[in-house]
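First comes the structure, then the notes that go with it.
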Protein chains: 2
Amino acid sequence: MNAQPLSAREVLKGMDLQADCPVRDVLDHVAAKWTTLILIALGEGPLRFGQLHRALPDISKRMLTQSLRDLERDGLLTRHVFPTKPPSVEYRLSPLGVSMLAPLGALVDWAARAHPAIQQARQAYDAAEAA
Amino acid sequence: MNAQPLSAREVLKGMDLQADCPVRDVLDHVAAKWTTLILIALGEGPLRFGQLHRALPDISKRMLTQSLRDLERDGLLTRHVFPTKPPSVEYRLSPLGVSMLAPLGALVDWAARAHPAIQQARQAYDAAEAA
DNA sequence: CGGGATCCTGCAAGATACTG
DNA sequence: CAGTATCTTGCAGGATCCCG
């Protein structure tokens, strides 16, 4: 055993996985397909609605709006309306939202590294399947 | 700026968020409601189907089976059948699956810490909403 | 431009019953 | 015990139109 401040894996020990556990309450939102992508996009700086929409090519306006509301409700980002003509609205990460970038980045990094192995595993599985 | 080996946030810079990017390909699975919970449960050691089902109280047999197949296909866990009577099947993390525990733990840790703030943000939002 | 309101559809996922 | 098969349904989410 080493002296790391807190092995991330230790956190998982004895984790209760009941439906009402706080972690699932938070993670269910995080996992929601679009929210992480929005947070990543905003990680580079505030963006307006249209810019965000262009950054996420395959999300509908409806889902983008809804996802932004969810994130705003959870306090991960803030919404600023500029009463210009036509109106413009800017979204930016809150400190809480910024605090999520590190762990999210770790996961994304893992995903990027693991991708080749996963691709290979899928092909092997599907090949065996077809037999 | 400090000397951290690689700021997890740096990974997110310039991330392409197109639908076909590798990260989304992987994360879409990871985010799938049950898969992370299964990985966490198996992080403490191999489990049999029934034990896993008992560890995740609110998943149906159908979804558990399906999620396990997905994870097996992605090479994150392995399935071992013991031809006992009655048959028993054991699931255990593969090295690749184990390698995910660290980043996943980081995210879970964040979720646990952020939970109070998020709860509070939701209440504030809903209160303002009701007005 | 940045949404809200409405309608409509597909598929994710529950319930139930059966099997090796 | 550890699944499969079938049926059924809710609701996530797309398409479309409208508004300030």
Side-chain angles (χ1 to χ4, degrees), chain A residues 17-19 24-25 27-38 41-42 45-74 77-92 125 128-131, chain B residues 17-19 24 27-38 41-42 45-74 77-92 125-126 128-131:
Chain A
L17 302 173
Q18 309 309 308
R24 281 180 59 176
D25 183 37
L27 249 48
D28 280 356
H29 281 67
V30 168
K33 194 167 169 67
W34 297 113
T35 54
T36 54
L37 298 175
I38 293 174
L42 290 180
L47 290 174
R48 290 176 44 194
F49 187 89
Q51 297 176 304
L52 217 32
H53 198 187
R54 257 165 271 129
L56 279 11
D58 55 347
I59 186 176
S60 65
K61 271 198 307 183
R62 198 174 117 85
M63 289 313 296
L64 180 54
T65 301
Q66 181 178 307
S67 301
L68 287 169
R69 288 289 176 279
D70 285 349
L71 289 169
E72 188 192 359
R73 187 172 106 99
D74 282 6
L77 56 77
T78 55
R79 180 172 178 270
H80 305 271
V81 181
F82 299 99
T84 55
K85 177 183 65 150
S88 73
V89 180
E90 186 186 81
Y91 295 90
R92 72 169 64 209
Y125 186 93
E129 197 73 351
Chain B
L17 302 173
Q18 309 310 308
R24 282 181 58 175
L27 249 47
D28 281 355
H29 281 67
V30 168
K33 192 169 172 64
W34 296 113
T35 55
T36 55
L37 299 175
I38 292 174
L42 290 179
L47 290 174
R48 291 176 43 195
F49 186 88
Q51 297 177 304
L52 215 33
H53 197 188
R54 257 166 269 126
L56 277 13
D58 54 346
I59 186 175
S60 65
K61 269 196 310 184
R62 198 174 115 84
M63 287 314 296
L64 179 54
T65 300
Q66 182 178 306
S67 301
L68 286 169
R69 289 289 177 280
D70 285 349
L71 290 169
E72 188 192 359
R73 188 172 105 98
D74 282 7
L77 56 79
T78 55
R79 181 173 178 269
H80 305 272
V81 181
F82 298 99
T84 56
K85 175 183 64 148
S88 72
V89 180
E90 188 186 80
Y91 294 90
R92 73 169 63 210
Y125 186 93
D126 294 345
E129 198 74 349

(message) Could you walk me through whether A/Phe49 and A/Thr65 satisfy the side-chain contact (heavy atoms from CB on, under 4.5 Å) test, starting with their C-alpha distance in whole Å, then the side-chain angles of each, then the deciding distance to 0.1 Å, before giving a yes or no?
(response) CA-CA 9 Å; A/Phe49 187 89; A/Thr65 301; 3.6 Å; yes

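- The NE2-C1' distance, from B/His53 to D/dC1, rounds to 13 Å in whole Å.
- Rounded to an integer number of Å, the gap from B/Gln66 CD to D/dT6 P is 16 Å.
- A heavy-atom distance below 4.5 Å is found between the side chains of B/Leu68 and B/Leu52.
- Between A/Arg62 and A/Ser88, the residue anchored nearer the 5' end of DNA chain C, judged by the nucleotide with its closest heavy atom, is A/Ser88.
- Counting only heavy atoms from C-beta outward, the side chains of A/Thr35 and A/His29 never approach each other to under 4.5 Å.
- In this model, the phosphate group of D/dG14 is approached by a side-chain N or O of A/Ser60 to a distance below 4.0 Å at OP1 or OP2.
- If you check D/dG13, D/dT6, C/dG4 against the side chain of A/Met63, the one that comes closest is D/dG13.
- Between the C1' atom of C/dG2 and the CG atom of A/Leu68 lies a distance of 11 Å, rounded to the nearest Å.
- When distances are taken from the side chain of A/Thr65 to each of D/dA2, D/dT4, C/dG3, the shortest belongs to C/dG3.
- Ion pairing of A/Arg24 with B/Asp58 is present here, as a side-chain N (NZ or NE/NH1/NH2) and a carboxylate O approach within less than 4.0 Å.
- For the helix from C/dC1-D/dG20 to C/dG20-D/dC1, the end axes, each set by the C1' atoms of five terminal pairs, are bent relative to each other by 50° (nearest 10°).
- Counting heavy atoms from C-beta outward, A/Arg79 and A/Arg92 have side chains that stay 4.5 Å or more apart.
- Here the side chain of B/Arg69 is nearest to one of C/dG3, D/dA15, D/dG3, namely D/dG3.
- Look at A/Arg79 and you'll find a side-chain N or O under 4.0 angstrom from OP1 or OP2 of C/dG3.
- When the P atom of C/dA15 is taken as reference, atom CG of B/Leu64 falls 15 Å away, rounded to whole Å.
- Checking C/dT6, D/dG3, D/dC1 against every side-chain atom of B/Tyr91, the shortest atom distance belongs to D/dG3.
- With contacts defined as side-chain heavy-atom distances shorter than 4.5 Å, the pair A/Glu90/A/Thr78 does not qualify.
- If you check every strand for non-hydrogen atoms under 4.0 Å, B/Lys61 touches a base.
- In this structure, CG of B/Asp70 is placed 12 Å from C1' of C/dA12, rounded to the nearest angstrom.
- Comparing atom distances between the B/Arg48 side chain and each of C/dC1, D/dA2, C/dG3 picks out D/dA2 as nearest.
- Out of D/dA2, D/dT4, C/dG3, the shortest distance to the side chain of B/Val89 is found at D/dA2.
- Taking every side-chain heavy atom of B/Pro86 into account, D/dC1 is the closest of D/dG14, D/dC1, C/dG2.
- The CZ atom of A/Arg54 sits 8.0 Å away from atom CZ of A/Arg48, with the distance rounded to the nearest 0.5 Å.
- The distance between atom CG of B/Asp58 and atom P of C/dA15, rounded to the nearest whole Å, is 11 Å.
- B/Tyr91 is not listed as a side-chain neighbour of B/Leu71, based on a closest heavy-atom distance of 4.5 Å or more.
- Across the protein-nucleic acid pair, A/Lys85 atom NZ and C/dG2 atom P stand 16 Å apart, rounded to whole Å.
- Counting non-hydrogen atoms under 4.0 angstrom, B/Phe82 reaches nothing in the nucleic acid.
- In this structure, B/Phe49 atom CZ and D/dA2 atom P are separated by 7 Å, rounded to whole Å.
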